[in-house]
2 protein chains.
Amino acid sequence: MATDRIVVLAGGVGGAKFVRGLRTLARRTSSPAAITVVANTGDDLWLAGLRVTPDLDSLMYALAGVNDDERGWGRAGESLRVSAELTAYGVGWPWFTLGDLDLGTHIARSALLKEGLPLSAVVERLTARWPLGVRLLPATDQEVETHVVTAEGELHFEEWWVRTRAAVPALGFVQHGVETATAAPGVREAIMEADVVLVAPSNPVVSIGTILGIPGIRAALRETSAPVVGVSPVIGGSVVRGMGDVCLTAIGVATDAGAVALHYGARPAAGLLDGWLVDDVDAATVDPLTAAGIAARAVPLWMTDDETTARMAAAALSLARSVRE
Amino acid sequence: MATDRIVVLAGGVGGAKFVRGLRTLARRTSSPAAITVVANTGDDLWLAGLRVTPDLDSLMYALAGVNDDERGWGRAGESLRVSAELTAYGVGWPWFTLGDLDLGTHIARSALLKEGLPLSAVVERLTARWPLGVRLLPATDQEVETHVVTAEGELHFEEWWVRTRAAVPALGFVQHGVETATAAPGVREAIMEADVVLVAPSNPVVSIGTILGIPGIRAALRETSAPVVGVSPVIGGSVVRGMGDVCLTAIGVATDAGAVALHYGARPAAGLLDGWLVDDVDAATVDPLTAAGIAARAVPLWMTDDETTARMAAAALSLARSVRE
């Protein structure tokens, strides 16, 4: 891996899998790359008086190796003693699981925020406990919250996603506060000084979309000399994880690897992407995308384990190198 | 029990035992007395971003029957999964045990406070979960915090009590905010309309002392036509529970059943007490106290179980009746 400074824009669980593979790849070289992960904070919420940051936690737990692989989210070995109490008191959302170990994180985070620390400093304090092998940054220190517009009014994204399981038709998404938010300390610098920027196969609307919505980040991604290469979260017309297709449909984008790339746009045309990885089943999109100014390549994209994902990350870096040349 | 409306001024664990005995007594009559407990809030603190109210919780848990009788405080069947996480993150006081079930209460309380509810309304919401058989009121909705003055500066009472085990010499106590605090809704009314006011055998300095320090409560106790009868927390020169003798010594009061009564003072002389129960071993204080304007009586005061405590409560009510006649 010739690349030294890598920035990854990432959502939660999918982003974490991708970054784990990238880290596996980086650890193999004699001079490992410095990886900075810019995490979506649009799913963050106040719940039972505590600040919950789902994507940052998915990344932290997965990179620390304390995540629950079977369930796909949260901490391994979780228990629910505290949340049973909260439900008995009628506080919080009974349908939103807050495990005991996870609550430890939320309490610690909320205590540090209450002391006046910005979220980025809180993340630094919390992650000091574990050697993540990457630098984890929230996209912004301000509170940006993604709400879903439905016929019956707005719902917080997590309420729509978890309680209704995205079954209430989404008419659109509003990222409250995103336009006045500034990039967290270090984010712009990391992007400007990067050798490559990767876009993880996360939800293009509510994860990557929210990060891109922050004006300073959007500008840095246009200005950086680093190539920007994305990995498709859509394989063969299906979103690999979660219910992201509903999000794409709501904003009028087809659940299609090529359509997502065109939604991000070609960088020469003021879009985001220099390059785009699609799965082999979507090889037919390679030529049209390349013609549209996005250098595309087809490789296996299923992140079945760290080894497979590391190969996928290597393909993304290789594509970035070819774009830069 | 001819008495209909009883108000008890109470600290935590000792107060809870006393109120349980009183409740046992009250439940025996065909028209049970209405018991209002006014709880000390001076030990309350913000810890790990959460509002912790030790005395209110000791009362709530004991009256709900979910307290840990063996340990003497907290919830039965406790576990420490969350606090191990907090310690790993370096947040909170590692020497101040926050059990998982107990944390459920603190999170719920803090969430409701964050919503803007005053503490008294929060207590009403939390206690709605259990039929306590008494009305539980915080002395005040304002934040009054007892600090201990030491040679090295001030410590929060709980830090001094729990971390140093009251071993750092106390030069005095400061109840921050007490003079500008107002009685919580219902407290003054309960005292004014009471048939009898009882002072539980709680710490006279930091528990009862803090309640009495709130100007509106002090005034109501002077104005009410109800007799005020206290129960000595000192038996035979020792404080029955905890390290209350250190608190008495710090304010220059001997650890003696008679000295505590004189510290509270006789009501005719603008003090608190009409009557005072001492243990049989302190029978020698009865005549001097009565001569000083405090009708005293000696009875067994060890609160070994609800039945024994009920007899003690009956003696307090009987003394109150004799004072009123």
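Just so it is clear: chains get the letters A, B, ... in the order the sequence lines come, proteins before strands, and each one is counted from 1.
Other residues, nucleotides and ligands contribute only 12 or fewer heavy atoms inside 6.0 Å of the CZ atom of B/R165. Counted within 6.0 Å of CD on A/E124, heavy atoms from surrounding residues, nucleotides or ligands total 12 or fewer; the atom is thus considered open.
Only the side chain of A/R75 comes within contact range of chain B, with heavy atoms under 4.5 Å apart. For chain A, the nearby parts of B/S79 are the backbone and the side chain; heavy atoms of each come within less than 4.5 Å. Heavy atoms of A/I107 lying under 4.5 Å from chain B belong to its backbone as well as its side chain. Heavy atoms closer than 4.5 Å to chain B are found in the side chain of A/V91, but not in its backbone. Heavy-atom distances place the side chain of A/L112, and not its backbone, under 4.5 Å from chain B.
Contact detail for B/G90 and A/R125: the closest heavy-atom pair is O-NH2, 4.0 Å. Heavy-atom minimum distance, B/A111 versus A/G49: CB-N, 3.7 Å.
Ranked by heavy-atom pairs shorter than 4.5 Å toward chain A, the options B/L50, B/L101, B/L86 are led by B/L101. Considering only heavy-atom pairs separated by less than 4.5 Å from chain A, the leading option among B/A128, B/G99, B/G104 is B/G104. Across A/L103, A/L47, A/L126, the residue that shares the most heavy-atom pairs under 4.5 angstrom with chain B is A/L126.
Atom-to-atom distance recorded for B/T105:OG1 and A/E85:CD is 6.0 Å, nearest 0.5 angstrom. We find the CZ-CG distance between B/R81 and A/L80 to be 9.5 Å, quoted to the nearest 0.5 Å.
Within the 4.5 Å cutoff, no side-chain heavy atoms of B/R109 are placed close to those of A/Y89.
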